[in-house]
Enquirer: 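A single structure is presented below for examination.
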Amino acid sequence: MERIRHSDAWSKLEALAAKTKRQHMRDWFENDPSRADRYSADACGISLDYSKNLVTDDVLEQLKALAEQRKVNAKIEAMFRGDVINTTEKRAVLHTALRNFSGKPVMVDGEDVMPSVLATLDKVEAFTKSVLSGAHKGCTGKAIKKVVSIGIGGSFLGPKIVSEALKPYRNNIVDVRFVANVDACHIQDVLAECCFEETLFVMSSKSFGTQETLQNTLTAKAWFLQQKSEQHSTTIDDIAKHFVAVSSNVKAATDFGMAAENVFPMADWVGGRYSLWSAIGLPISLAIGFDNFKEILRGAFDMDEHVQTAPFEENLPLILAMLGIWYRNFMGAQSHVLLPYYHYLRGLPAYVQQLDMESNGKSTTLNGQAVDYGTGPVIWGSEGTNGQHSFHQLIHQSNLPIPADFMFPLRVPNQNDTHHAMLASNCFGQTQAMMQGKTFEECFKDLEGKGLSESERSELAAHKTMPGNKPSNTLIFEQLDPKTLGALIAMYEHKVLIQGAIWDLNSFDQWGVELGKVLGNDVLDVILDKNDNSKLDASTANLVAKFAKSRA
Ligand code: F6P
């Protein structure tokens with residue numbers, strides 16, 4: 001593909017950026033009463049107000065042209081078609097097949113994968129119903145009351161964040177807990193609240209080779225056997241009643257000791273950070289019931305249809321993606337903040353961090369050339385209103401451009417009108433403050449009659465001045481039900497796909513995480529006295545020595 005900087009739209013956007021930086025959104029709103037309505041779009045239960053962005057019709061026109069010149073639609077079609085777009089791992093990218101309710105086949109290597117997708121979904125459904133009905137019994141004949149999901153990265157974040165976000169839909173049959181970190185504090189805290197007879201462990205690892213997950217599962221297994229042996233003799237099928245696995249590496253799972261019938265398969269064309277729609281979502285299904293889990297898939301399917309068919313001006317993922325390109329490549333932004341004004345959605349920033357940063361945190365193009373432009377931004381954020389009392393100061397008054405996505409549910413469970421009105425007012429007020437700011441003159445006027453000298457008043461006014469012109473999107477939805485959440489997550493998946501297409505990246509491998517794992521294992525060998533420290537640099541050797549001393 002042509003170098004992005006050589007595209008016609010790129011140079012026009014550079015010119016527009018210089019012009020836009022000399023303008024202020026306040027003036028645009030004052031001069032165009034229709035701006036808010038024109039720059040809004042609705043799809044799949046999500047209403048996007050993108051009018052508080054540093055964009056004009058000219059900018060949007062060139063962003064649309066850039067998407068066309070970068071052949072974004074062709075990339076979207078290639079993904080859904082099952083083309084090998086994960087070129088370095090020679091795989092298709094088909095998390096969309098997992099929620100394909102179209103009835104149409106999805107071909108991989110000449111074979112329709114839908115029968116196996118649906119068979120696995122049936123297996124998830126059957127197992128969920130067996131556990132929740134009490135039919136699935138533990139080794140002493142008791143029903144399951146606790147599910148411990150062991151996994152990390154995409155084998156943890158999706159199930160955890162979704163189960164948290166859909167807390168109002170949780171059943172009162174099983175309590176689902178999550179363990180990810182190899183820090184033993186994590187699993188010990190969870191095991192302390194478990195009774196071995198009533199606990200089911202779901203070990204999720206696409207590769208079945210992730211150190212943290214394997215170690216945590218070994219610890220859980222040892223705990224289970226120790227607990228059981230204190231009261232009963234142990235047989236191998238005891239493990240089978242309390243341990244299931246989700247993996248694309250079925251052989252490794254059975255070699256590990258998982259009963260073959262307890263291994264839920266996943267295909268290698270499902271990326272870890274795109275896998276909650278697969279059997280990796282089993283803990284979600286156990287937490288909220290299979291029917292609700294299926295609704296999540298349906299919401300994502302609706303967004304899949306939307307991204308493939310909606311015109312630019314109405315296409316939520318495309319609009320969000322191209323606004324991100326505008327800020328990252330033309331307006332100097334290096335990060336993007338997610339601000340869900342909904343306590344149950346507080347985990348979304350962490351989820352989108354992996355989705356976005358592990359996909360586009362790269363600097364090599366598909367054909368192996370170094371990029372000469374910005375790529376994936378730092379994704380961060382936390383629930384509103386908490387952020388207002390921690391990092392919003394920087395958002396409002398630093399010279400760092402940080403575009404924001406605000407999210408707000410119009411209705412919440414256990415609705416308290418006073419609280420919800422306050423939550424809404426904070427959310428919307430923040431978007432207004434970011435956009436309009438407060439001028440020096442306004443601050444100076446406010447300080448009249450405060451007993452300040454002219455110079456004191458002027459100095460304080462300078463400190464109180466808010467430049468404004470800080471861009472934000474506001475995403476509003478009726479309520480965060482399973483379907484809306486599925487659509488919201490799929491929307492961010494497609495935003496990442498589109499931005500990766502613009503930047504000419506492979507958004508679906510993650511070679512950058514390999515070196516740390518290898519070197520970590522080398523350090524572990526030194527710590528465990530399996531190797532000397534000759535391969536370590538002086539700093540790392542010192543660190544290891546300090547650790548070894550503490551263990552002595
Ligand atoms: O961080 C690297 C990574 O491979 C992620 O992409 C993945 O979600 C996570 O580790 C866990 O991998 P697995 O599911 O294979 O244990």
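Note that ligands are numbered from 1 as they come in the structure, with each ligand's atoms numbered from 1 the same way. The first residue of the sequence shown is numbered 1, and numbering continues consecutively from there.
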Enquirer: Within this structure, what is the CG-CZ distance for the pair Leu345 and Phe477, rounded to the nearest 0.5 Å?
Expert: 5.5 Å
Enquirer: Select all protein residues for which some heavy-atom-to-ligand 1 distance is less than 4.0 Å, and list them by chain and number.
Expert: Ile152, Gly153, Gly154, Ser155, Ser205, Lys206, Ser207, Thr210, Gly272, Gln354, Glu358, Gln510, Val513, Lys517
Enquirer: Any side-chain heavy atom of Met491 sitting closer than 4.5 Å to one from Leu320?
Expert: yes
Enquirer: State whether Phe101 and Arg298 meet the cation-pi test: NZ (Lys) or CZ (Arg) under 6.0 Å from the six-membered ring centroid, and within 45° of the perpendicular axis.
Expert: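 Judged by the rule, Arg298 and Phe101 form a cation-pi pair.
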Enquirer: Is it true that Lys241 and Glu261 have a side-chain N and a carboxylate O under 4.0 angstrom from each other?
Expert: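 Salt bridge: no.
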Enquirer: Going by an N to O cut-off under 4.0 Å, is there a salt bridge joining Glu358 and Arg273?
Expert: yes
Enquirer: Just checking, any donor-acceptor pair under 3.5 angstrom between side chains of Asp304 and Thr96?
Expert: no
